[in-house]
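Counting from 1, the numbers follow the sequence of the chain as shown.
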Amino acid sequence: MILRVFFNHKQFALLYFIVLSIDIFVKLFCSQFPYRFMSKPWVTLVLLCYFYCHVINKSDKKNKMVFWALVSFLLGDLIIILKGDSLVLLGLTILFFTAAKLFLSFKFSHSKDFSVSSLIPFTSVLFIYTVFMTWFLYDHLNDFFVPALLSFFTSLLMLQFAFLRQVAFNKKSFKFVFLGVLAYAVSEGMQAIQLFKGMFPMQEFLSTLFYGSGLYAIVFGLINEKEIELAQIQDS
């Protein structure tokens with residue numbers, strides 16, 4: 001009965017956002033340990049089960065990258081709850097999130113031709129954003145300047161690959177994945193500001209909402225992924 005929920009997109013969406021809402025409530029009104037340690041993992045675990053139930057070729061290398069990405073996000077989430085003032089755990093958190101973004105970038109990549117001219121404006125905006133975030137946080141990064149810079153640029157890479165999916169995959173998949181990656185990037189920017197510069201109004205609520213919604217949109221988009229040629233054949 002419970003397993004059936006993971007095969008129904010609408011029922012799973014309801015389940016997922018209930019789980020996400022509980023995690024947001026715990027983050028806002030309960031102590032991080034042990035309560036957040038119990039609520040946070042479920043956000044990623046239910047996505048892992050959802051993807052596993054819907055992916056057809058589980059042994060495919062690119063599909064495995066999604067599993068590894070979600071596991072990396074899960075480990076990063078757990079470590080950031082425990083980190084306290086530990087610089088080592090903060091470094092491990094950045095490492096796992098960076099690895100997750102690289103795994104997803106590999107999944108998003110494809111061999112179809114694309115127009116370089118259409119990519120330049122988008123890449124320019126992303127580059128300006130990355131430079132701005134680095135400049136804005138520069139005085140507070142200290143020993144984490146290089147790790148933070150690498151993390152920002154892997155986000156840029158992931159966004160580029162998500163953008164380039166439009167020439168290879170169906171619109172539904174492209175839109176959900178791209179919007180999910182954008183939501184994740186917004187969440188990451190909020191988290192970086194909170195970690196290195198300080199809190200801002202509604203940061204905890206917004207960053208968790210964008211993070212959870214972004215991961216859901218990415219996974220949903222990948223589950224609905226079809227190559228354009230296949231979609232055209234089916235439509236005809």
Side-chain angles (χ1 to χ4, degrees), residues 19-20 22-48 64-107 126 129-159 181 183-200 202-215 218-219:
V19 171
L20 180 61
I22 291 172
D23 182 55
I24 292 174
F25 178 85
V26 171
K27 183 175 183 177
L28 294 177
F29 301 108
C30 303
S31 61
Q32 292 288 295
F33 188 86
Y35 301 108
R36 188 89 195 288
F37 200 73
M38 293 185 288
S39 67
K40 183 64 173 177
W42 288 105
V43 174
T44 312
L45 287 173
V46 294
L47 280 177
L48 271 167
K64 287 182 179 179
M65 292 297 104
V66 181
F67 288 111
W68 283 113
L70 291 173
V71 169
S72 297
F73 280 128
L74 174 61
L75 293 174
D77 287 337
L78 293 176
I79 293 172
I80 201 170
I81 294 172
L82 298 173
K83 77 173 184 62
D85 296 325
S86 173
L87 296 181
V88 174
L89 292 182
L90 177 57
L92 283 175
T93 299
I94 295 175
L95 176 64
F96 278 115
F97 281 120
T98 300
K101 289 181 286 185
L102 290 175
F103 287 135
L104 286 179
S105 296
F106 183 81
K107 167 61 179 175
L126 294 181
Y129 169 76
T130 303
V131 171
F132 170 78
M133 288 296 296
T134 305
W135 167 80
F136 184 67
L137 299 172
Y138 179 78
D139 292 336
H140 302 271
L141 292 174
N142 300 320
D143 294 336
F144 284 92
F145 175 75
V146 173
L149 189 63
L150 289 174
S151 181
F152 284 138
F153 273 99
T154 53
S155 296
L156 186 151
L157 182 70
M158 183 173 65
L159 279 161
V181 172
Y184 173 82
V186 171
S187 171
E188 182 183 55
M190 293 179 182
Q191 285 287 348
I193 293 172
Q194 186 267 325
L195 285 171
F196 296 108
K197 201 172 179 70
M199 300 287 290
F200 58 87
M202 298 184 68
Q203 180 273 328
E204 292 189 334
F205 169 76
L206 291 173
S207 63
T208 308
L209 178 63
F210 274 90
Y211 174 77
S213 301
L215 291 188
I218 291 171
V219 172

Does any non-hydrogen side-chain atom of Thr134 lie less than 4.5 Å from one of Val131?
no
When rounded to the nearest 0.5 angstrom, what distance separates CG in Leu92 from CD1 in Ile79?
5.0 Å
I would like to know whether Phe73 and Phe97 meet side chain to side chain contact (heavy atoms under 4.5 Å, CB included); could you show each step before the answer?
CA-CA 6 Å; Phe73 280 128; Phe97 281 120; 3.3 Å; yes
CE of Met158 to CG of Leu126: how many Å apart, nearest 0.5 Å?
10.5 Å
Side-chain contact test, heavy atoms from C-beta onward, threshold under 4.5 Å: evaluate it for Phe210 versus Tyr184 and give yes or no.
no
So, does Ser187 use its side chain to make a donor-acceptor pair with the main chain of Ala183 at under 3.5 Å?
no
Gap separating the OG1 atom of Thr93 from the CD1 atom of Ile81, nearest 0.5 angstrom:
9.5 Å
Would you say Lys107 and Lys64 make side-chain contact, with heavy atoms under 4.5 Å?
no
Start with the C-alpha distance between Leu90 and Phe196, add both sets of side-chain angles, then the distance that settles side chain to side chain contact (heavy atoms under 4.5 Å, CB included), and finish with yes or no.
CA-CA 11 Å; Leu90 177 57; Phe196 296 108; 4.2 Å; yes
Mind checking the CG-CG spacing from Leu70 to Leu215? Nearest 0.5 Å is all I need.
7.0 Å
I'd like to check Val19 versus Ile22 (side-chain heavy atoms, cut-off strictly below 4.5 Å). Are they in contact?
no
Using the ring of each side chain (for Trp, its six-membered ring), is Phe132 parallel, tilted or perpendicular to Phe136, with breaks at 30° and 60°?
parallel
Atom of Phe103, atom of Ser72 and distance for their closest heavy-atom approach:
CE1-OG, 3.5 Å
Once you round to the nearest 0.5 Å, how far does CD of Gln191 lie from OG1 of Thr208?
6.5 Å
Do Leu206 and Met190 have side chains that get closer than 4.5 Å, going by heavy atoms?
yes
Give a yes or no on this: more than 12 heavy atoms of other residues, nucleotides or ligands lie within 6.0 Å of atom OH of Tyr129.
yes
With a 4.5 Å heavy-atom cut-off, do Asp77 and Pro41 have their side chains touching?
no
Mind checking the CE-CD1 spacing from Met133 to Ile193? Nearest 0.5 Å is all I need.
4.5 Å
Beyond-backbone contact of Asp23 with Tyr211, side-chain heavy atoms, under 4.5 angstrom
no
Exercise answer: donor-acceptor pairs, residues 145-157 side-chain atoms, under 3.5 Å, sequence neighbours excluded:
from: Ser151; atom 1: OG; to: Lys101; atom 2: NZ; distance (Å): 2.8
from: Ser151; atom 1: OG; to: Glu188; atom 2: OE2; distance (Å): 3.3
from: Thr154; atom 1: OG1; to: Lys101; atom 2: NZ; distance (Å): 3.3
from: Thr154; atom 1: OG1; to: Leu150; atom 2: O; distance (Å): 3.2
from: Thr154; atom 1: OG1; to: Ser151; atom 2: O; distance (Å): 2.7
from: Ser155; atom 1: OG; to: Lys101; atom 2: NZ; distance (Å): 2.9
from: Ser155; atom 1: OG; to: Ser151; atom 2: O; distance (Å): 3.2
from: Ser155; atom 1: OG; to: Glu188; atom 2: OE1; distance (Å): 2.4
from: Ser155; atom 1: OG; to: Glu188; atom 2: OE2; distance (Å): 3.2

Looking only at heavy atoms, what is the nearest atom pair of Ala192 and Leu137, with distance?
CB-CD1, 3.8 Å
Between Leu28 and Glu204, does a side chain to side chain contact (heavy atoms under 4.5 Å, CB included) hold up when you go through it step by step?
CA-CA 7 Å; Leu28 294 177; Glu204 292 189 334; 3.9 Å; yes
Taking side chain as C-beta onward, heavy atoms only, is Ser207 less than 4.5 Å from Lys27?
yes
